[in-house]
Amino acid sequence: MTIAEALRDAVHRLAAAGVKEAQKDARLLLSFALGRPKEFLFAHPEYKLSEEEQGSFDEAVHRRENHEPVQYITGRTEFYGLELIVSPAVLIPRPETEILVENAVNALRGKTAPRFCEIGVGSGCISVSLLRELPNAAAIAVDLSPDALELARRNAERHNVLGRLDLRLSDVFDSVVEDAFDAVVSNPPYISLDEVAELDSEVRDFEPRMALTDGADGLGVIQRIIEDSYHKLAAGGVLFMEIGHCQSESVRTLLSPEKWFDVRFFTDLQSIPRVLRAFRL
Ligand code: GLN
C-alpha cells in the first residue's frame with residue numbers, strides 16, 4: 001500500500017466512524033506511524049509502507065475509530081509552542097490554558113527571582129511553559145497522581161527546566177510547607193459531576209476523571225485553592241486559575257474584598273471569562 005492509498009483508506013474509515021476531522025487525523029496518525037514529518041506524506045505519495053508501518057498505522061486508525069483522542073495515540077501535543085508528551089494519565093493541554101500562561105508570564109516578568117506554586121500539574125504544561133518563559137523563576141508543582149508527576153518530570157527534563165521545578169505528590173497544598181509565593185497557578189478539576197455526563201465522549205471516556213471534576217458541583221477544589229492560596233501567597237502575590245464557562249460569578253463571590261483585590265477574568269476567543277486573576281492583599 002502507498003501513502004496515498006493508506007490515507008484514502010484511513011480517511012474513509014475515520015469518516016465512517018463519525019470522526020470529524022478525518023483527513024487531518026489520518027495525516028497525523030500516518031506521520032506518527034512512519035515516524036516522519038507530515039511534509040513527507042505530501043512529498044512522497046507513492047512511498048510504499050512496510051508491513052510493520054502498515055500494522056502500526058492500522059492499529060492507530062483503529063484506536064481513533066473508537067474515538068480515542070489523537071494526542072493519546074501519538075503520545076504528543078503542542079502547548080505554548082512546546083512539544084509535550086501526554087498519556088491517558090493526564091489531561092490533554094487546551095488552548096484556553098495558554099491564556100493563563102500568557103497572563104501569568106506578564107505578571108511575573110518584572111520580578112527578579114519569582115517563585116510560584118502550581119496545583120494539579122498534570123502534563124506539566126503550565127509550569128514547564130512558565131519556567132521556559134521566566135529563566136529566573138522556580139516552582140513547586142503538585143499533583144494527586146504519581147503517573148502525572150512522572151510525565152510532568154519527563155516534560156520538564158525535555159525542556160531543560162527540571163532543575164527549577166520541585167514536583168510533589170500532594171492534595172492541594174497538603175505537602176507544601178513553603179509560603180510567600182509570588183504566584184499560585186492552577187487549572188483545577190472544575191467540571192460538575194452533572195456536566196461530566198454531557199461531555200463529548202472523547203473527553204468523558206478517555207481523559208482522567210480526577211483531572212476533570214471534583215465529583216460534586218465543580219467549585220470544591222476551586223474553593224480550597226482560593227482559601228489556601230491566601231495563606232500561601234506573599235502580600236501582593238497573584239492567583240491565576242482557569243475556571244469553567246459559567247463559573248465567573250460564583251467564583252467572584254468566593255473572593256472576599258478583605259483578602260483579594262484587582263479581581264478580573266480574562267476571556268477566551270468566544271468572550272467567555274475563563275481565567276481568574278486575583279491579587280492577595
Ligand atoms: N495543569 C494541567 C493542565 O492545565 C492539568 C490540569 C488538570 O489536570 N486539571 O492541563
Side-chain angles (χ1 to χ4, degrees), residues 69-72 75-105 116-133 137 139-156 158-159 161 165-173 176 181 183-193 195-196 199 202-204 206-226 229 239-245 247 251 266 268 274-277:
V70 176
Q71 295 92 330
Y72 288 154
R76 296 284 182 277
T77 197
E78 281 243 345
F79 181 85
Y80 218 78
L82 301 175
E83 190 187 68
L84 298 177
I85 306 165
V86 290
S87 83
V90 300
L91 203 72
I92 297 165
R94 303 291 203 274
E96 293 90 310
T97 310
E98 295 179 326
I99 303 169
L100 186 157
V101 171
E102 187 182 354
N103 287 290
V105 168
F116 68 88
C117 183
E118 179 178 8
I119 303 299
V121 67
S123 63
C125 62
I126 297 176
S127 283
V128 172
S129 48
L130 284 176
L131 292 169
R132 290 285 312 178
E133 296 291 318
I140 295 173
V142 308
D143 207 285
L144 258 180
S145 154
D147 292 340
L149 289 168
E150 171 55 20
L151 208 77
R153 191 193 63 73
R154 286 172 63 199
N155 280 319
R158 231 177 125 88
H159 295 291
V161 296
L165 181 61
D166 179 347
L167 290 159
R168 293 184 198 169
L169 192 67
S170 180
D171 187 6
V172 188
F173 287 100
V176 182
F181 288 101
V184 169
V185 294
S186 185
N187 174 19
Y190 53 68
I191 299 172
S192 72
L193 196 56
E195 284 170 317
V196 169
L199 288 174
E202 297 200 8
V203 178
R204 190 188 60 229
F206 291 96
E207 300 206 59
R209 189 68 44 120
M210 73 191 272
L212 295 169
T213 180
D214 62 351
D217 66 356
L219 289 165
V221 181
I222 290 180
Q223 183 159 11
R224 281 181 71 192
I225 292 173
I226 291 176
S229 292
L239 168 64
F240 281 97
M241 183 161 49
E242 184 170 323
I243 58 162
H245 60 95
Q247 284 176 329
V251 170
F266 296 98
D268 63 16
R274 291 309 300 264
V275 174
L276 160 73
R277 184 198 67 189

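Quick note: residue numbers are just sequence positions, from 1. For ligands, and for the atoms within them, numbers begin at 1 and follow the listed sequence. Note that this is a predicted model, so its numbers are computed, not measured.
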Worksheet item: Mind checking what makes salt bridge (charged side-chain N to carboxylate O under 4.0 Å, His left out) contact with Glu202, not counting sequence neighbours?
Response: Arg64
Could you go through residues 97-104 and list every donor-acceptor pair under 3.5 Å that involves a side-chain atom there, pairing it with any protein atom two or more places apart or in another chain?
residue, atom, partner, partner atom, Å
Thr97, OG1, Glu242, OE1, 2.7
Glu98, OE2, Tyr80, N, 2.7
Asn103, ND2, Ile99, O, 2.8

Practice prompt. Search all heavy atoms of Phe79 against all heavy atoms of Arg94 and return the closest pair with its distance.
Written response: CE1-O, 3.5 Å
Give every pair formed by an N or O atom of ligand 1 and a protein N or O atom closer than 3.5 Å, one pair per line with both atom names and the distance to 0.1 Å, or write none.
residue, atom, partner, partner atom, Å
ligand 1, 1 (N), Glu118, OE2, 3.0
ligand 1, 1 (N), Gly120, O, 2.9
ligand 1, 1 (N), Val121, O, 3.3
ligand 1, 4 (O), Asn187, ND2, 2.9
ligand 1, 9 (N), Asn187, O, 2.7
ligand 1, 9 (N), Ala211, O, 3.0

Acceptor/donor pairs from residues 116-128 side chains to any protein atom, 3.5 angstrom cut, sequence neighbours excluded:
residue, atom, partner, partner atom, Å
Glu118, OE1, Ser127, N, 3.2
Glu118, OE1, Ser127, OG, 2.6
Ser123, OG, Cys125, N, 3.2

Worksheet item: Looking only at heavy atoms, what is the nearest atom pair of Val176 and Arg168, with distance?
Response: CA-NH1, 3.7 Å
Response to the item:
All heavy atoms of Glu83 vs all of His159, minimum pair found to be O-NE2, 2.7 Å
